[in-house]
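Notes follow once the structure below has been shown.
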Amino acid sequence: MRNKIRQISGNLSGIKPAQLRALERTFRRKVDPDRVITPELAQHLCGISNQLRRQVGVLLTRDGVIRDVIVGDAHRLEIPEIGRLRGGSGRLRGLRLVHTHLNSSELDMDDLNDLVLLRLDLVAAVKVESSGLPGGIQAAHVLPLREGRGRSNSPPYQIYTGPDVRRLELDFLATIRSLESEFGLIAAGSAKDTGIERALVIGIGPDEDGFAETLELAASAEVFVAGTVRQRRNTPHPKSVVGSGKLSEIALEGMRRQADVAIFDVDLKPAQARAFENATGMKAIDRTQLILDIFAQRAQSRDGKIQVELARLKYSLPRLVEKDAGLSRLTGGIGVRGPGETVMELGRRRIFDRIRKLEKEVGRLSARRDLRRSRRRRNQLPVLSIIGYTNAGKTTLLNALTCSKVASADKLFVTLDPTTRRLKFPRRGEVVLTDTVGFIRDLPPDLVAAFKATLEELASADLLLHVADAADERLELKLEAVGKILADLDLRKLPLLMVLNKCDLIDSEKQKTLCRRYDAVGISAERRTGLDELIEAVEKRLRPTRPVFSDSPGFSRPDKEDRMGSR
Ligand SMILES: Nc1nc2c(ncn2[C@@H]2O[C@H](COP(=O)(O)OP(=O)(O)OP(=O)(O)O)[C@@H](O)[C@H]2O)c(=O)[nH]1
Ligand SMILES: [Mg+2]
């Protein structure tokens, strides 16, 4: 978008040539950098405004040079396209709007919305007196909001009022400089230095659980949650996700907290995301993209990386509509480099080629896994697959049972790459224990498709250990989500043992009730309690037809073959 400078724009209909010349003469004036406006310029604008009975305004640069002259109607003026701001809320735009009001010097909602959505340094209104001379003036800028300082309900604007232009007590340049350094302090230690972006988490989904989970996802991604905005909508606004009032509110919050991205608790249509980005200057990340980004941040193994790249490319393809806007969106993700940039260089046609190539690789992956599976079958080792909602404690359980040290953490989707360990049971002999990627409700379809190879493995399990967090308020919901995914993957027919984990966090009464309700074994993987009962229950469930295999020394050891195979 090219910015035309020094143009007169807006409502020019019916303007006489002499008036047009007067408007043009405006450009000859200049304002001292430390003043919002000079009395002379105010007088000039008010004179024209009074004749036209329309608002007249100027956009001034920091140096006090007039960039635009704008004519509105009696109640408002339309700021011309001044170029989109990219790359987060960042700093102020370096432009201020000073304009006339015919009835009052008080700034109205339109003025404040312009201030925020265009990220102006400042907006000011001068009242045109009936004499045509300038009267009172009001000016405003956005007030930054630092974490831990000030409350989120502190006024978002600093307003200055003067009885006339001369007596407005505001050193413009000094004020803007200190404002920018305050914004700089807020942003410091995040995006610019560490690569960690600042995010607003926007809840527009209908339920609190989804919003809470999005906050957890955000905390698990490499992003700093600078604030939240909540609005219950049954359906996202068809065009820009949220209505125009909410849009300004989000932009204001984003600016005050220096957020670069807005993370939504729902999925967005490509056009909605783009409209939101154009309006607010913030990058829009929807739920699927957030999950994809976490996966991309976590993928370690080659298999994992291939699957994630495939999912991300498929997700971005429909978002690649316009050459300019679309492609730039693809750098979209948070905290990850890679597919975004690759795509920039690749262009659309070659993305298809890449997708095809990755799909082939994923196919080969499946075949390789088949081979491993059949080898296992030849060994006659029963396979126990640990499944469950993300963060339930699956990896902790694998570690506890096999004395391993696979990474686990209080974050979502810590495990992406399947891990396989052998484990020797007291009576049954050896079994193979696998831990895999966790589930989440409304698992993005592209991700399911890409992780098919990983998930397919589950089909060959002799027993699924469904691990759930007994202390989770959302237990019921998560069990349902897992059930649904199992059904989607056609795994309902497999034998399943319910394991309620984290029982150290609930009292024994509750543990009993829950275990009875879900026909489950209660354990604490972390404290290693209930593991004997669990092993006993597993041994009972495993079909006794399989021969006992027990020629390997030691209680457990990593299944080296399999591990190497999956790298
Ligand atoms: N209090 C308590 N915390 C546990 C228990 N088991 C696991 N945790 C904690 O729960 C968090 C998640 O554990 P993980 O083992 O990483 O969970 P996961 O199911 O593998 O999660 P993903 O791989 O991210 O899907 C970690 O902070 C663990 O320390 C337990 O028995 N009691
Ligand atoms: Mg895990």
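We count residues from 1, following the sequence as given. Counting starts at 1 for both ligands and their atoms, following the listed order.
- Near Thr390, with a cut-off below 4.0 Å to any heavy atom, the atoms of ligand 1 are 22 (P), 24 (O), 25 (O).
- Ion pair Arg354/Glu309 flagged as a salt bridge, since at least one NZ, NE, NH1 or NH2 atom sits closer than 4.0 Å to an Asp/Glu carboxylate oxygen.
- Under 4.0 Å from ligand 1, the heavy atoms of Asn501 that appear belong solely to its side chain.
- Between Glu361 and Arg368, none of the side-chain N atoms (NZ, or NE/NH1/NH2) sits under 4.0 Å from a carboxylate O, so this pair counts as no salt bridge.
- Lys424 has no carboxylate O lying under 4.0 Å from a charged side-chain N of Glu430, or vice versa, which leaves the two without a salt bridge.
- The shortest contact between atom 28 (C) of ligand 1 and any protein heavy atom is with Glu526 OE2, 3.6 Å.
- At least one N/O-N/O distance between Gly393 and ligand 1 falls below 3.5 Å.
- For ligand 1, the atoms closer than 4.0 angstrom to any heavy atom of Ser408 are 14 (P), 15 (O), 16 (O).
- Which parts of ligand 1 touch Thr415 is read off a 4.0 Å heavy-atom cut-off, strictly below it: atoms 20 (O), 22 (P), 23 (O), 24 (O).
- Salt bridge absent: Glu216 and Lys411 never bring a charged side-chain N and a carboxylate O closer than 4.0 Å.
- Polar contact with ligand 1: absent for Ile523 (N/O pair, distance under 3.5 Å).
- Heavy atoms of Ala471 found under 4.0 angstrom from ligand 1: none, in either backbone or side chain.
- Distances from atom 5 (C) of ligand 1 to the heavy atoms of Lys411, Lys394, Lys502, Arg298 put Lys502 nearest.
- Remark: ligand 1 atoms within the under-4.0 Å shell around heavy atoms of Ser524 are 30 (C), 31 (O), 32 (N).
- The shortest contact between atom 15 (O) of ligand 1 and any protein heavy atom is with Thr396 OG1, 2.5 Å.
- A donor-acceptor pair under 3.5 Å is formed between the side chain of Arg230 and the backbone N or O of Gly203.
- Judged by distance alone, the side chains of Asp265 and Thr214 never bring a donor and an acceptor atom under 3.5 Å apart.
- Note on ligand 1: Ala392 sits in its first shell, one or more heavy atoms being nearer than 4.0 Å.
- Counting only heavy atoms of the protein, atom 27 (O) of ligand 1 lies nearest to Asp410 N, 3.1 Å.
- Exactly one residue among Leu412, Thr390, Leu443, Ile440 makes a side-chain contact (heavy atoms from CB on, under 4.5 Å) with Ile291. That residue is Ile440.
- To the nearest 0.5 angstrom, Asp417 atom CG is 12.5 Å from Arg302 atom CZ.
- Between Asp353 and Arg356 there is a salt bridge, since a side-chain N of the basic residue sits under 4.0 Å from a carboxylate O of the acidic one.
- With respect to Lys502 and Asp472, no salt bridge is recorded, no charged nitrogen being found less than 4.0 Å from a carboxylate O.
- Shown are the protein N/O/S atoms under 2.8 Å from the Mg ion (ligand 2), given by residue and atom: Thr395 OG1, Thr415 OG1.
- Polar contact check, Val414 against ligand 1: a nitrogen or oxygen pair lies under 3.5 Å apart.
- Residue-ligand proximity, Leu412 to ligand 1, at heavy-atom distances under 4.0 Å covers atoms 24 (O).
- The nearest heavy-atom contact from the protein to atom 20 (O) of ligand 1 is Thr395 OG1, 2.8 Å.
- When heavy-atom distances to ligand 1 are checked against a 4.0 Å cut-off, Asp469 has no atom that comes that close, whether in backbone or side chain.
- Residue contact check: Asp504 has heavy atoms under 4.0 Å from atoms 1 (N), 2 (C), 30 (C), 31 (O), 32 (N) of ligand 1.
- Contacts between Asn391 and ligand 1, counted as non-hydrogen atom pairs separated by less than 4.0 Å, involve both the backbone and the side chain.
- The ligand atoms of ligand 1 that sit less than 4.0 angstrom from a heavy atom of Leu505 are 1 (N).
- Side-chain contact, Thr395 with Asp435: a donor N or O sits under 3.5 Å from an acceptor N or O.
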query: Can you check side-chain hydrogen bond (donor to acceptor under 3.5 Å, both in side chains) on Glu457 and Thr436, steps first, answer last?
result: CA-CA 9 Å; Glu457 290 248 6; Thr436 189; over 6 Å; no
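- Donor-acceptor pairing under 3.5 Å is recorded for the side chains of Thr434 and Ser385.
- Residues Ile250 and Phe276 meet the side-chain proximity criterion, which asks for heavy atoms closer than 4.5 Å.
- Remark: the Asn391 side chain and the Asp469 side chain contain no N/O donor-acceptor pair separated by less than 3.5 Å.
- Residue pairs meeting the salt bridge (charged side-chain N to carboxylate O under 4.0 Å, His left out) criterion with at least one partner in residues 483-493, sequence neighbours excluded, are Lys484-Asp488.
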